[in-house]
Amino acid sequence: MPHEEIRQAYQSLGKEANAYDGMITCSTVFGRAVCRLVWDMGKAENNRYLELALSGIPENFSGKLLEVPVGTGVLTMPVYRTLPEADVTCLDYSAEMMATAQKQAGLFGLSNVRFLQGDVGSLPFEDGSFDLVLSLNGFHAFPDKEAAFRETFRVLKPGGVFCGCFYIRGETPRTDRWIRRFYEPRGFFTPPYETAASLRARLAGLYADVTLDTVRSMAAFTCRKGVI
């Protein structure tokens, strides 16, 4: 992560985190067990892919940022606290998730973040509205991934940055089995999924510059939209 205070915020969750937050930050006993059992990750690997996913956000970013989906906000409200000059819009399809994120924003005293309920497949913004689009742990759940890729590209300004992370298949057999047998039947994840190779090709077909790394079954990327 680009700032030490962000790392400390994740580590301080401990027993205060709910089950979901504990899993994605590897900050609770239950969360660490899931990270190891399902994702074959320890705390170091979990931190690593989050660092890579967030590395596209400049430390002094002051432009317009869209996060989709925001989820519970546990991963990004600590980031936005360090970016008081940024204009941040957080969007999620789930009203319940977004309500939790709004509480997180309140705890951090954020006045530069607004929340909207909406669908990533049909974003309610004009072309080129944002300097940066961030998507953490969302694309593997989106039912219409083609629309999600198309829309996140559309609302990004030329020269803008698209960064984030999500699950890819074919890297860790244990994880692939868990996704197929547990996460999919419960509607947590929705096929089809990218592989590292297919994601690299897709992003390269859209963006001028692409950096992509994998940590176990997570792909983290930073892309820059070309300037026409």
Side-chain angles (χ1 to χ4, degrees), residues 10 13 17-54 67-76 91-94 96-98 100-101 119-121 133-152 162-204 206 210-223:
Y10 290 173
L13 282 170
N18 60 31
Y20 176 80
D21 290 349
M23 284 188 290
I24 61 175
T25 59
C26 202
S27 60
T28 62
V29 173
F30 174 73
R32 288 190 292 272
V34 171
C35 284
R36 180 60 67 190
L37 178 64
V38 176
W39 299 95
D40 194 26
M41 285 189 193
K43 183 67 173 174
E45 292 89 352
N46 192 84
N47 282 348
R48 178 60 179 156
Y49 87 77
L50 290 175
E51 288 170 2
L52 290 166
L54 293 166
E67 182 184 3
V68 55
V70 66
T72 65
V74 67
L75 293 176
T76 48
L91 184 141
D92 205 296
Y93 187 78
S94 168
E96 292 78 10
M97 285 281 199
M98 196 163 55
T100 301
D119 180 4
V120 68
V133 175
L134 173 67
S135 186
L136 301 175
N137 300 320
F139 269 77
H140 50 236
F142 295 152
D144 190 344
K145 296 174 177 58
E146 296 294 333
F149 278 112
R150 183 173 61 249
E151 282 290 274
T152 49
F162 174 49
C163 60
C165 59
F166 56 81
Y167 161 73
I168 54 172
R169 64 178 176 83
E171 298 293 312
T172 310
R174 174 197 306 182
T175 302
D176 293 343
R177 288 193 296 271
W178 272 98
I179 299 304
R180 187 171 59 253
R181 298 175 184 176
F182 183 83
Y183 287 74
E184 281 183 22
R186 288 160 178 79
F188 299 151
F189 285 32
T190 305
Y193 309 111
E194 300 281 354
T195 64
S198 71
L199 178 58
R200 189 181 303 277
R202 180 190 289 276
L203 294 176
L206 289 169
V210 176
T211 299
L212 188 146
D213 296 278
T214 61
V215 179
R216 300 294 192 269
S217 290
M218 294 300 296
F221 53 87
T222 298
C223 313

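Quantities reported herein were computed from a predicted structural model and do not represent experimental measurements. Heads up: numbering here begins at 1 and tracks the sequence.
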Any non-hydrogen side-chain atom of [X] less than 4.5 Å from a side-chain atom of [Y]?
X      : Y      : answer
Tyr167 : Trp39  : yes
Val215 : Met41  : yes
Cys223 : Cys163 : no
Leu203 : Phe149 : yes
Leu91  : Val70  : no
Glu146 : Arg202 : yes

Please report, to 0.1 Å, the donor-acceptor pairs under 3.5 Å made by any side chain of residues 30-37, with sequence neighbours excluded.
none

So if I apply the side chain to side chain contact (heavy atoms under 4.5 Å, CB included) rule between Cys165 and each of Leu134, Asn137, Leu52, which one comes out positive? Asn137

Among all residues two or more places apart in sequence or in another chain, which pass the ring-ring contact (aromatic ring centres under 6.0 Å, His included) test with Phe182? Trp178

Could you measure the distance from the [atom1] atom of [X] to the [atom2] atom of [Y]? Nearest 0.5 Å is fine.
X      : Y      : atom1 : atom2 : result
Asp119 : Asp144 : CG    : CG    : 8.0 Å
Leu54  : Leu136 : CG    : CG    : 5.5 Å
Asp176 : Ser217 : CG    : OG    : 5.5 Å
Phe162 : Leu206 : CZ    : CG    : 9.0 Å
Glu194 : Phe221 : CD    : CZ    : 10.0 Å
Asn46  : Thr25  : CG    : OG1   : 7.0 Å

Look at the side chain of [X] and the backbone N and O of [Y], then say whether any donor-acceptor pair between them is shorter than 3.5 Å.
X      : Y      : result
Thr222 : Thr211 : no
Thr175 : Val38  : yes
His140 : Phe166 : no
Lys145 : Thr190 : yes

With sequence neighbours excluded, residues passing side chain to side chain donor-acceptor pair (under 3.5 Å) with [X]:
X      : result
Arg150 : none
Tyr193 : Glu184
Thr152 : none
Glu171 : none

Excluding sequence neighbours, so at least two apart, what forms salt bridge (charged side-chain N to carboxylate O under 4.0 Å, His left out) with Glu96? none

Checking [X] now: which residues fulfil side-chain contact (heavy atoms from CB on, under 4.5 Å) with it, not counting sequence neighbours?
X      : value
Glu151 : Leu123, Arg154
Pro173 : Arg177
Ala148 : Val120, Phe139, Phe142
Tyr20  : Asn18, Ile24, Thr72, Met97

State, to 0.1 Å, how close Ala220 and Ala53 come at their nearest heavy-atom pair, and which atoms those are. CB-N, 3.8 Å

According to the salt bridge (Lys or Arg N to Asp or Glu O under 4.0 Å) rule, which pairs have a member within residues 211-220, sequence neighbours left out? Asp40-Arg216, Glu45-Arg216

